[in-house]
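Below is one structure, written out as structure tokens, with a few remarks after it.
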Amino acid sequence: MLRILKKIIPKSVFEFFQPIYHYGLSLLGALIYRFPSKNLVVIGVTGTKGKTTTTELVNAILESVGYKTAMQSTLRFKIADKEKRNLFKMSMPGRFFIQNFLRQAVNSGCSHAILEMTSEGAKQFRHKFIYPDALIFTNLAPEHIESHGSYENYLKAKLAIAKELENKKEKVIVVNIDDKEGQKFLALNIKNKIPYSLSDAMNIKTNENSSSFQVGKMIIHSKLPGIFNVSNMLGAIAYAKFTGISDEKIKEGLEKINFIRGRMEKINEGQEFDVVVDYAHTPDSLKAVYETYKNHKTICVLGNTGGGRDTWKRLEMGKIADEYCSQIILTNEDPYDEDPIKIVEDIKKGIKNKPVEMIMDRRQAINKSISLAKNGNAVLITGKGTDPYIMGPRGTKQEWDDAVVAREELKKLKLG
């Protein structure tokens, strides 16, 4: 419908009425489903990285207490004990979907809903009439710059989500103050402000297999690797402690998570090397994945998510791969209407010192990376995580799952 309107209405007129259109749809969705969020404790999670992991962590802690929860994330939609994969290729779906989801959560007896909340969603007022009780801010890095017009507009969209908590009783914002934008979120007029930082933890130990750290008298042994996951856990802990959840239940919730799909997910078919699938699609997140495996010889499979957008990232991601990877295979991700070879060549410009190969067929690229790996090596497949499709020109899409494909190629190697 929106695409049709864009074609028949002059651009200046369309842009003037677009906010009213989106706001009206959000209000209509809430009216149809009778403002379901007013019957739930709604916890929003926003940031550039770590949203999906943090929603899973908060959900696990709440479930350890015995709460019946609903969760909406890039990865999945969960209501009580039922769940399905998110096939929308967006973290925060449309307004009617969100309100219907929350109404189903109420009807299923859920007390809490944990939602990823995005800047793209805020642009279209999808964050309106959700009435969050809490918001966790994880971090901010340049992303969606073409869509928002500037980094400042991207930040403004994130702050718009947080402003939903202003001047409301008993609302809380949990803010990562290790991030350079953290203080802007703490400056908002929100009654309860809870900062968190890596400095809150003692004895941090992390490697490619696990993490451990101490907060007060509580010692956490997590199967989630990487310093970035320690930060995500500290955000979840800060929220849980604010709500009065005991250390015992926090520990129980965090330690029961073995892995999160598409986030440093290990694919194991008995091979003598690691194969890891991760969503990393920004320079910062790619570097964090590679840092976790800095003591290994690594074969890295990467492309650049989203043809036609955030083109500045390509050279940077090439440079990061050049610094950390032993061998690099560049491949296709989501070219949309842009020439995929041009995207990959843009990344290649940042690679000066390491062996690099271009294999545009993503399955073949994964197969080659696995065939190159030897005992003790690590194959790092980044960019898509649990993305369900490879997006091509004119809206075409190919069903996809990096983890499934990696597993299939490992089995072929084993049989061979």
Side-chain angles (χ1 to χ4, degrees), residues 49 205-211 224-229 259 262-305 313-333 340-341 343-385 387 402-414 416:
K49 301 162 290 181
K205 296 176 183 176
T206 184
N207 56 34
E208 67 272 15
N209 298 309
S210 62
S211 300
L224 302 183
I227 193 70
F228 50 92
N229 274 323
F259 70 97
R263 274 68 182 169
M264 294 297 287
E265 179 182 1
K266 285 192 175 182
I267 313 300
N268 191 349
E269 288 294 324
Q271 75 276 5
E272 295 180 323
F273 51 88
D274 283 353
V275 176
V276 176
V277 169
D278 191 85
Y279 184 51
H281 61 288
T282 67
D284 286 352
S285 56
L286 190 69
K287 185 175 180 178
V289 170
Y290 291 166
E291 277 278 352
T292 306
Y293 277 87
K294 63 184 177 183
N295 296 322
H296 294 253
K297 178 181 178 182
T298 54
I299 300 102
C300 303
V301 178
L302 73 152
N304 190 270
T305 300
K313 292 192 299 188
R314 297 170 187 175
L315 184 65
E316 293 304 309
M317 295 177 90
K319 288 178 179 178
I320 292 166
D322 194 40
E323 179 182 354
Y324 285 93
C325 302
S326 307
Q327 291 177 267
I328 303 162
I329 298 174
L330 299 178
T331 191
N332 193 29
E333 280 188 14
I341 294 175
I343 296 172
V344 167
E345 286 177 340
D346 285 347
I347 304 171
K348 191 177 179 182
K349 290 174 184 175
I351 302 169
K352 306 293 185 184
N353 305 303
K354 301 294 175 62
V356 58
E357 188 173 354
M358 290 170 55
I359 303 176
M360 297 311 295
D361 183 288
R362 195 170 177 89
R363 180 180 285 272
Q364 289 180 17
I366 290 171
N367 175 281
K368 180 65 179 287
S369 67
I370 288 169
S371 69
L372 289 171
K374 294 180 171 55
N375 188 11
N377 294 172
V379 174
L380 306 178
I381 306 166
T382 59
K384 292 198 69 64
D387 267 4
D402 266 355
V404 169
V405 172
R407 197 174 299 281
E408 289 170 353
E409 296 307 312
L410 280 167
K411 287 177 179 176
K412 288 179 188 177
L413 180 70
K414 201 172 181 181

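None of these values were measured; they are calculated from a predicted model.
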Heavy-atom side-chain proximity of [X] to [Y] below 4.5 angstrom:
X    : Y    : result
T298 : Y324 : no
L302 : T331 : no
I351 : L330 : yes
R362 : V405 : no
I381 : I267 : no
M358 : I341 : yes
D274 : Y293 : yes
L315 : K319 : yes

Worksheet item: What residues form a side-chain hydrogen bond (donor to acceptor under 3.5 Å, both in side chains) with N207, not counting sequence neighbours?
Response: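 Testing N207 for side-chain hydrogen bond (donor to acceptor under 3.5 Å, both in side chains), a comparison that skips the adjacent residues, returns none.
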How many angstroms lie between [atom1] in [X] and [atom2] in [Y], if you round to the nearest 0.5 Å?
X    : Y    : atom1 : atom2 : value
L380 : I328 : CG    : CD1   : 11.5 Å
K294 : E208 : NZ    : CD    : 11.0 Å
S285 : D278 : OG    : CG    : 7.0 Å
R407 : I370 : CZ    : CD1   : 10.5 Å
I359 : I329 : CD1   : CD1   : 4.5 Å
K368 : Q327 : NZ    : CD    : 8.5 Å

Quick one: does any side-chain atom of [X] pair with a main-chain N or O of [Y] as donor and acceptor, under 3.5 Å?
X    : Y    : answer
K354 : S326 : no
E333 : G303 : yes
K313 : H281 : yes
K374 : S371 : no
D322 : K352 : yes

If you look at every heavy atom in [X] and [Y], which pair is closest and at what distance?
X    : Y    : value
A321 : Y290 : CA-CE1, 3.8 Å
L224 : S211 : O-OG, 2.6 Å
M264 : P225 : CB-CG, 4.0 Å
V301 : A365 : CG2-O, 4.1 Å
H296 : A378 : CB-CB, 4.4 Å
M317 : A280 : CE-O, 4.5 Å

Worksheet item: Does a side-chain N-to-carboxylate-O contact under 4.0 Å join K412 and E409?
Response: yes
Practice prompt. Begin from the C-alpha positions of K287 and E323 and carry the test salt bridge (charged side-chain N to carboxylate O under 4.0 Å, His left out) through to its verdict.
Written response: CA-CA 9 Å; K287 185 175 180 178; E323 179 182 354; 5.4 Å; no
Discussion item. E408 vs R363, test: side-chain contact (heavy atoms from CB on, under 4.5 Å). Steps then yes/no.
Written reply: CA-CA 10 Å; E408 289 170 353; R363 180 180 285 272; 2.7 Å; yes
Practice prompt. Before giving the answer on side-chain contact (heavy atoms from CB on, under 4.5 Å), spell out for T206 and F228 the whole-Å C-alpha distance, their side-chain angles and the decisive distance to 0.1 Å.
Written response: CA-CA 10 Å; T206 184; F228 50 92; over 6 Å; no
